[in-house]
Amino acid sequence: MPKKKLFIGANWKMNQAPLLWDASDSPYRSNGNPDVVVFPSSLDLHSCIQEKFAVGGQYGRPEAAGAFTGDIAMKELRKVGCTHVLCGHSERRRHHEESDAFVAKQVESALQCGLTPVLCIGENADQREMDETKEVLAEQLLRCVAMKDMIVAYEPVWAIGTGRTPTQKEVDETHKFIRSLLKDKSTRIIYGGSVTGENAAGFFAEEEIDGALVGGASLKLEEFRKIVTAAKR
Ligand code: PEP
């Protein structure tokens with residue numbers, strides 16, 4: 001089977017963009033193998049777009065406009081030149097109480113606006129401990145299983161920013177399960193949670209892992225370069 005082209009997302013969260021703007025070999029600039037998309041803070045969206053990075057929003061509100069102080073509409077993200085948007089990142093679910101129903105509206109709205117939603121799902125430590133991972137993932141995916149043209153990011157909450165990860169095989173198995181629920185079997189399913197320059201190649205060797213969403217390691221230029229290099233096909 002031909003090797004699939006991978007997707008690497010750099011989630012910079014509420015951190016300053018780690019950019020060397022004029023570096024022609026910047027790992028943040030996508031050459032299409034792998035596809036690289038950066039997710040900067042809202043204030044850095046515009047400058048990243050001007051620098052010809054492929055750019056996504058970290059959050060978008062489904063409504064086109066209205067009285068939502070501090071929020072950004074999906075439609076506006078598209079208008080400034082974003083191509084992707086994270087939906088339901090666990091930090092948004094936790095700090096902003098985003099529900100599965102709200103996240104599904106975000107995914108739908110992103111698709112309608114011409115953005116590729118990156119739907120983030122994942123179990124927390126207690127749920128894993130109680131062997132509830134599959135149930136949790138199925139519930140988080142339920143309203144989106146029939147949607148096409150999205151990316152699913154499997155991000156176990158206990159692995160985000162902790163330096164702990166599931167094994168490659170565990171992730172592969174979990175992705176297989178996620179794929180079994182999705183109508184569109186060609187959906188990219190990427191892994192996120194403490195991906196580093198050291199462990200990336202191991203994850204990318206697995207059949208079911210179509211790339212990674214990278215937080216902490218994406219802020220370090222050379223480490224991120226290693227991840228992007230490991231993802232080349
Ligand atoms: C994330 O926040 O999506 C993430 C995967 O973070 P980290 O790589 O730091 O675990």
Side-chain angles (χ1 to χ4, degrees), residues 6-18 27-28 34-42 44-45 48 53-60 82 84-98 103 106-107 110 115-125 127-128 133 136-137 140-141 150-168 170-172 174-175 178 188-204 206 208-231:
L6 301 189
F7 175 95
I8 307 294
N11 178 12
W12 293 339
K13 312 192 184 195
M14 201 177 71
N15 296 297
Q16 210 174 337
Y28 300 111
D35 290 322
V36 177
V37 176
V38 299
F39 295 87
S41 80
S42 302
D44 283 331
L45 286 173
C48 290
F53 292 89
V55 178
Q58 293 179 8
Y59 160 82
C82 288
H84 292 68
V85 61
L86 300 181
C87 298
H89 189 281
S90 64
E91 288 153 15
R92 297 287 316 175
R93 291 178 189 262
R94 187 167 34 150
H95 300 304
H96 300 270
E97 292 170 19
E98 290 185 4
V103 172
Q106 288 179 296
V107 171
L115 293 163
T116 301
V118 180
L119 169 60
C120 304
I121 58 172
E123 81 284 3
N124 65 30
Q127 291 161 337
R128 179 178 168 88
T133 298
V136 170
L137 297 178
Q140 289 176 333
L141 261 184
M150 64 174 178
I151 294 172
V152 175
Y154 168 53
E155 298 210 294
V157 180
W158 55 271
I160 295 181
T162 60
R164 293 192 296 136
T165 67
T167 66
Q168 301 162 211
E170 282 172 328
V171 177
D172 195 58
T174 305
H175 284 203
I178 293 170
R188 277 164 154 178
I189 305 175
I190 63 174
Y191 168 72
S194 296
V195 172
T196 64
E198 292 295 299
N199 64 21
F203 287 118
F204 301 155
E206 298 297 332
E208 292 286 339
I209 302 178
D210 300 324
L213 184 56
V214 187
S218 74
L219 292 163
K220 301 175 202 150
L221 180 89
E222 289 311 324
E223 178 147 20
F224 189 64
R225 192 190 304 284
K226 277 194 204 162
I227 295 170
V228 170
T229 304

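Indexing begins at 1, ligand by ligand and atom by atom, following the structure's order. All figures in this text were calculated on a predicted structure; none of them were measured in a lab. By convention here, the first residue in the shown sequence is residue 1.
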Counting from 1, what ligand 1 atoms have a heavy atom of S194 closer than 4.0 Å?
7 (P), 8 (O), 10 (O)
Do other residues, nucleotides or ligands put more than 12 heavy atoms under 6.0 Å from E198 CD?
no
Identify whether the distance between the nearest side-chain nitrogen and carboxylate oxygen of E223 and K226 falls below 4.0 Å.
no
What residue and heavy atom of the protein are closest to atom 2 (O) of ligand 1, and at what distance?
K13 NZ, 2.5 Å
Nearest to atom 5 (C) of ligand 1, what protein heavy atom do you find, and at what distance?
E155 OE2, 3.1 Å
Any G193 heavy atom less than 4.0 Å from ligand 1
yes
Closest heavy-atom pair, P27 versus L221, reported as atoms and distance to 0.1 Å, is CD-CD1, 3.7 Å
With heavy atoms only and a cut-off of under 4.0 Å, state how A159 meets ligand 1: side chain, backbone, both or neither.
backbone
Between L115 and C82 the two heavy atoms that sit nearest each other are CD2-O, 3.3 Å
Cation over ring face, R188 and F7, 6.0 Å, 45°:
no
In the protein, which heavy atom is nearest to atom 1 (C) of ligand 1, and how far is it?
H89 NE2, 3.3 Å
Ligand-residue contact atoms, ligand 1 with I160, heavy atoms, under 4.0 Å:
1 (C), 2 (O), 4 (C), 6 (O), 10 (O)
Numbered atoms of ligand 1 (with element) below 4.0 Å of L213, judged on heavy atoms:
3 (O), 5 (C)
Consider every N or O of T162 and every N or O of ligand 1, then say whether any pair is closer than 3.5 Å.
no
Determine whether T174 and L137 satisfy the following criterion, side-chain contact (heavy atoms from CB on, under 4.5 Å), listing intermediate values before the conclusion.
CA-CA 9 Å; T174 305; L137 297 178; 3.5 Å; yes
For ligand 1, which part of N11 has a heavy atom less than 4.0 Å away: the side chain, the backbone, both, or neither?
side chain
Ion pair check, E98 and R93, cut-off under 4.0 Å:
no
Regarding atom 10 (O) of ligand 1: of the candidates G161, G215, S218, G216, which has the closest heavy atom?
G161
Quick one: are the ring centres of Y28 and W12 less than 6.0 Å apart?
yes
